[in-house]
Trainee: 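The structure is given below, and queries will be raised subsequently.
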Protein chains: 2
Amino acid sequence: MENKRDIFHLLTRRFGLLDKNCCSVGNFDISLVQSHILYEIDKQFEPSMQQVAETLAMDITTFSRQIQTLVKMDLVKKTPSTQDKRVSILSLTAEGKFVATTIDLSMNAYLDEVFSHMNEFERETVIRSIKLLNEAMSKSSVCCKPLY
Amino acid sequence: MENKRDIFHLLTRRFGLLDKNCCSVGNFDISLVQSHILYEIDKQFEPSMQQVAETLAMDITTFSRQIQTLVKMDLVKKTPSTQDKRVSILSLTAEGKFVATTIDLSMNAYLDEVFSHMNEFERETVIRSIKLLNEAMSKSSVCCKPLY
DNA sequence: TTTTTTACTTGCAAATTACAACTATTAATT
DNA sequence: AATTAATAGTTGTAATTTGCAAGTAAAAAA
């Protein structure tokens with residue numbers, strides 16, 4: 001476990017697995033991508049389809065169809081923009097908000113559990129490190145433009 | 001950016017994007033799952049199908065077909081075990097090894113670039129933190145058994 | 001006014017997925 | 001030793017997901 005990629009790979013795969021497991025809320029059986037879509041709509045302010053698709057680095061056609069599914073499931077609402085009739089503004093329905101919040105809570109509960117295996121100093125160091133890493137990644141020229 | 005999930009989400013999504021982009025090597029156009037399969041075969045010692053499928057938390061039938069594809073692409077070799085005729089031992093071909101190594105190099109190069117935006121102290125702290133996190137996650141009871 | 005660009009949607013066709021049901025082999029039970 | 005159960009892996013089939021190409025409609029640029 002010397003090389004950087006290995007430790008990152010392990011970390012992100014584990015988080016990814018969690019992410020994958022945590023997607024069934026009540027009656028709603030959500031896929032991983034769908035949970036990510038809900039997450040982004042919740043995060044962003046009145047986003048358009050393009051905006052969300054871009055942050056998720058998804059093909060707009062695939063995204064369009066996923067949104068159709070989520071609208072059918074009554075988790076997402078599509079409102080035509082008044083300023084630009086081409087764009088659709090995305091928002092969460094009450095249920096969508098509920099699902100997103102529930103997933104968020106369970107993810108955070110899991111992370112709290114993980115952090116409970118550390119002492120206070122370690123906890124703070126680790127959180128600070130992740131933030132540092134995120135900053136460094138956003139400065140990086142190599143990859144992954146979408147994410148802000 | 002207060003909540004733990006948010007910072008982890010951002011980190012893992014960025015790493016995931018990188019992972020996704022870095023999968024074309026020479027003539028080989030590899031999908032993300034396929035790259036993960038190559039990674040695990042490379043990592044583990046003479047693994048069986050089951051073993052790799054389990055670490056990747058993949059359905060064995062899906063895995064079986066992915067392996068068929070990789071064998072056709074001449075990246076993976078399947079050798080029947082002599083001790084148990086039911087099991088197939090997986091290994092990388094020379095090309096498979098080349099692809100895996102190339103991906104590994106480019107991922108590490110990217111990570112080096114990311115770490116170049118930090119000073120030596122930060123670098124060490126961050127690496128140590130990720131390792132700490134991995135340990136804590138492996139202790140966790142909540143999730144993600146497969147990964148060792 | 002015409003042309004170009006942008007936002008999004010549909011028609012495909014390929015790839016990915018997983019459940020059920022299968023074969024073949026090994027381990028456990030009687 | 002013979003039967004039964006469990007394990008490793010493969011296919012049938014059907015649903016879902018994906019992305020390119022080509023489309024519509026609206027806005028911006030020429």
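By convention in this document, chain letters (A, B, ...) are assigned in the order of the sequence lines, proteins followed by strands, and residues within each chain are numbered from 1.
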Trainee: For DNA chain C, whose closest nucleotide is more 5', that of A:S64 or that of A:R86?
Mentor: A:R86
Trainee: What is the separation between atom CE on A:M73 and atom P on D:dT16, rounded to the nearest whole Å?
Mentor: 11 Å
Trainee: Could you tell me whether the side chain of A:R14 reaches within less than 4.5 Å of the side chain of A:L18, counting heavy atoms only?
Mentor: no
Trainee: Between B:Q68 and D:dG9, is there a side-chain N or O to OP1/OP2 distance below 4.0 Å?
Mentor: no
Trainee: Send over the distance from B:I67 CD1 to D:dT11 P, rounded to a whole Å.
Mentor: 14 Å
Trainee: Closest-nucleotide mapping onto DNA chain D: is A:K85 or A:Q34 further toward the 5' terminus? I mean the 5' end.
Mentor: A:Q34
Trainee: Please list, chain by chain and in numerical order, all residues satisfying side chain to side chain donor-acceptor pair (under 3.5 Å) with B:R86, sequence neighbours excluded.
Mentor: B:D84
Trainee: Does B:R123 reach the main-chain N or O of B:M118 with its side chain, forming a donor-acceptor pair under 3.5 Å?
Mentor: yes
Trainee: Would you say A:E124's side chain and A:F121's backbone share a donor-acceptor pair under 3.5 angstrom?
Mentor: no
Trainee: Taking atom types as they are modelled, is there a donor-acceptor pair under 3.5 Å from the base of D:dG9 to the side chain of B:R65?
Mentor: no
Trainee: Under 4.0 Å between a side-chain N/O of B:Q66 and OP1 or OP2 of C:dT17, yes or no?
Mentor: yes
Trainee: Taking the side chain of B:T61 as heavy atoms from C-beta outward, which of C:dA18, C:dT10, C:dC8 is closest to it?
Mentor: C:dA18
Trainee: What is the distance from CD1 of B:I60 to C1' of D:dT7, rounded to the nearest Å?
Mentor: 11 Å
Trainee: Specify the separation, in whole Å, of atom CG of A:L32 and atom C1' of D:dT18.
Mentor: 15 Å
Trainee: Measure from CE on B:M49 to C1' on D:dT7 and round the result to the nearest Å.
Mentor: 13 Å
Trainee: Round to a whole Å and report the spacing from NZ of B:K78 to C1' of C:dA24.
Mentor: 14 Å
Trainee: When you measure from the side chain of A:N134 to the backbone of B:I7, do you find a donor-acceptor pair of N or O atoms at a distance under 3.5 Å?
Mentor: yes
Trainee: Of the options D:dT18, C:dT17, C:dA7, whose atoms approach the side-chain atoms of A:V33 most closely?
Mentor: D:dT18
Trainee: Are A:M49 and A:S64 side-chain neighbours, meaning at least one heavy-atom pair lies under 4.5 Å?
Mentor: yes
Trainee: Expressed as a whole number of angstroms, how long is the span from A:D59:CG to D:dA21:P?
Mentor: 11 Å
Trainee: When you match B:T82 and A:F63 each to their closest nucleotide on DNA chain C, which lands nearer the 5' end?
Mentor: A:F63
Trainee: Is there a side-chain contact between B:T62 and the phosphate of C:dT16, meaning an N or O under 4.0 Å from OP1 or OP2?
Mentor: no
Trainee: When the axes are fitted on five pairs at both termini, how much does the helix from C:dT1-D:dA30 to C:dT30-D:dA1 curve, in 10° steps?
Mentor: 20°
Trainee: What is the distance, to the nearest angstrom, from the CG atom on A:L56 to the C1' atom on D:dG19?
Mentor: 16 Å
Trainee: Using a heavy-atom cut-off of 4.0 Å across all strands, would you classify A:S88 as base, sugar-phosphate, or nothing?
Mentor: sugar-phosphate
Trainee: What I want to find out is whether B:E40 reaches B:K43 closely enough, with some N-O distance under 4.0 Å, to be called a salt bridge.
Mentor: no
Trainee: Does B:I89 belong to the same Ile/Leu/Val/Met/Phe/Trp/Tyr cluster as B:I37, with side-chain heavy atoms less than 4.5 Å apart forming each link?
Mentor: no
